[in-house]
Amino acid sequence: MPELPEVETVRAGLAKSITNATVTGLRIHDPRSLKRHLSGVQDFQKKLVGSKVLDVVRRGKFLWLPLGGGTTALVGHLGMSGQMLVRTPEFPEDKLNRVTIEFETKAGEALELRFVDQRIFGSLAIDDLTQTRDGGAGGFSAGKNRDKPWENLIPISASHIARDPLDEAFDKKAVIEKIRNRKSGIKRVLLDQNLLSGIGNIYADESLWLAKLHFDRLADGISRAKLGELLDISNQVLKAAVSQGGTSFDQQYKNVNGESGFFSQQLYAYGQTDKPCARCQSPIRRQAWANRGSHFCPKCQRPS
DNA sequence: AACACATCCTGACTGC
DNA sequence: TGCAGTCAGGATGTGT
């Protein structure tokens with residue numbers, strides 16, 4: 001599913017419903033969803049149940065919920081098909097639910113967080129928080145609060161993830177220089193979460209269409225000015241998609257209430273195979289690429 | 001370090 | 001209806 005805008009929509013939903021809630025129980029329906037918690041499901045349960053959720057933080061496509069004393073967090077990644085649904089206990093069972101976390105909110109209400117994931121590429125884990133590499137904030141969470149002791153911490157398992165284009169501390173100039181040192185095609189570079197995070201197949205294709213760049217254009221052959229334009233475009237696309245609650249193509253992406261996002265109505269390239277390019281009317285093409293697909297306009301986006 | 005690939009999985013959908 | 005084939009918003013470990 002989910003790239004930055006979808007994960008941010010989930011983050012905001014979780015923050016609203018379970019900040020300051022306490023974990024009262026755990027039901028594991030498929031332990032494979034906890035495979036990234038290396039010390040086993042017993043340990044996961046022991047560290048989670050009884051903890052209070054202090055905050056909900058995101059960097060790129062990683063989410064984490066600082067717990068208890070603020071030195072550990074529940075780390076979630078949605079992979080290709082993960083959903084985090086917030087339900088009341090009476091709400092009918094959700095299909096493909098892998099893990100249920102039971103909460104009591106500050107107001108005393110019982111809620112469940114259901115981790116639904118068709119393909120099981122997503123995961124939940126408890127991880128220790130560590131200082132960020134650049135000393136800045138770990139990630140984004142609403143309401144800046146310098147009193148949050150976990151402000152400048154990040155889960156060890158996400159500490160290699162670069163800042164995303166919506167991050168206040170995103171260093172555009174530095175990222176441009178790094179891109180200029182890459183000999184891969186520009187799309188591969190855009191998808192490299194160690195260089196900049198949050199962009200996946202949809203928003204890569206959209207950004208490249210808007211910038212009129214072919215996905216296989218060698219990154220080191222693109223001017224600094226053009227790369228700056230591309231990063232600005234990515235920033236705008238991600239922001240616009242966040243404002244629409246993300247992109248829902250099928251039943252895979254839903255917010256915490258099980259609702260779809262609306263950004264699919266504003267896509268120019270991704271999923272638009274054979275439809276006319278909005279600029280030049282040439283049919284958009286889908287080309288097999290790196291075990292997935294690239295959507296582009298063969299006229300507006302030339303390989304060289 | 002950087003790069004290209006294979007791999008982890010299930011279910012929905014298409015066409016015969 | 002059944003069955004094979006195709007497709008899917010991602011990260012990671014591997015060998016070079």
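In what follows, chains carry the letters A, B, and so on, assigned in the order in which the sequence lines appear, proteins first and then strands, with residues in each chain numbered from 1. Keep in mind that this is a model prediction, so the values were computed, not measured.
Note that A:R59 lies outside the cation-pi zone of A:W64, set by a 6.0 Å cut-off to the ring centre and a 45° limit from the axis.
In this structure, the CD1 atom of A:I120 is 16 Å from the C1' atom of C:dA11, given to the nearest Å. Distance CZ (A:R32) to C1' (B:dT7): 15 Å, rounded to an integer number of Å. A:L191 places its CG atom 14 Å from the C1' atom of B:dC3, with the value rounded to the nearest Å. Atom CZ in A:R292 sits about 14 Å away from atom C1' in B:dA4, given to the nearest Å. For the pair A:D127 CG and C:dA11 C1', the interatomic distance rounds to 15 Å; values are reported in whole Å. At whole-Å resolution of the value, CG in A:L124 and P in C:dA11 are 15 Å apart. Distance CG (A:D220) to P (B:dA2): 13 Å, rounded to an integer number of Å. Nucleotide C:dG10 holds its P atom 10 Å from the CH2 atom of A:W289, rounded to whole Å.
Closest to the A:R119 side chain, of the nucleotides B:dC9, B:dG11, B:dA2, is B:dC9. Of the candidate nucleotides C:dT12, B:dT7, C:dG10, C:dT12 has the atom nearest to the side chain of A:R36. Across B:dC9, C:dC7, B:dT7, the shortest atom-to-atom separation from the side chain of A:F121 is found for B:dC9. Across B:dT7, C:dA11, B:dC3, the shortest atom-to-atom separation from the side chain of A:N291 is found for B:dT7. The side chain of A:Y270 lies closest to C:dA8, out of C:dA8, C:dT12, C:dG10. When distances are taken from the side chain of A:Q118 to each of C:dA8, C:dT12, C:dG10, the shortest belongs to C:dA8. The side chain of A:R182 approaches B:dA2 more closely than any other nucleotide in the set C:dA11, B:dA2, C:dG10. Comparing B:dC3, B:dT10, C:dA8 by their closest approach to the side chain of A:S184 singles out B:dC3.
Contact annotation: A:R188 side-chain N/O to B:dC3 OP1/OP2 distance is not under 4.0 Å. Contact annotation: A:H160 side-chain N/O to C:dA11 OP1/OP2 distance is not under 4.0 Å. Between B:dA12 and A:K95, a contact under 4.0 Å exists linking OP1 or OP2 to a side-chain N or O. Between B:dT10 and A:R98, no contact under 4.0 Å exists linking OP1 or OP2 to a side-chain N or O. The phosphate of C:dA11 has OP1 or OP2 within less than 4.0 Å of a side-chain N or O from A:H77. At C:dT6, none of the side-chain N or O atoms of A:R286 fall inside 4.0 Å of OP1 or OP2 (strictly under the cut-off). In terms of phosphate contacts, A:K183 brings no side-chain nitrogen or oxygen within less than 4.0 Å of OP1 or OP2 of B:dA2.
Using bins of under 30°, 30° to 60° and over 60° for the plane-to-plane angle, the ring pair A:W209/A:Y268 lands in the parallel bin.
The minimum heavy-atom distance linking A:K254 with A:L85 is given by the pair CB-CD2, 4.4 Å.
A:S141 and A:K148 share a donor-acceptor pair across their side chains, judged by distance under 3.5 Å alone. A donor-acceptor pair shorter than 3.5 Å can be found between the side chains of A:S81 and A:D117.
In this entry C:dG15 has B:dC3 as its Watson-Crick or G-U wobble partner, both defining distances falling under 3.5 Å.
The one candidate from A:I202, A:I284, A:T247 that meets the side-chain contact (heavy atoms from CB on, under 4.5 Å) condition with A:Y270 is A:I202.
Of the P atoms belonging to B:dG11 and C:dT12, the separation is 24 Å, rounded to the nearest Å.
With respect to the salt-bridge test (charged N to carboxylate O, under 4.0 angstrom), the residues A:K47 and A:D43 qualify.
Note on A:K61: only backbone sugar-phosphate atoms sit closer than 4.0 angstrom, heavy atoms only; bases stay farther off.
Take the nearest nucleotide of DNA chain C for A:N194 and for A:G293: the residue whose nucleotide is more 5' is A:G293. If A:F62 and A:F249 are placed on DNA chain C by their nearest nucleotide, the residue sitting closer to the 5' end is A:F249.
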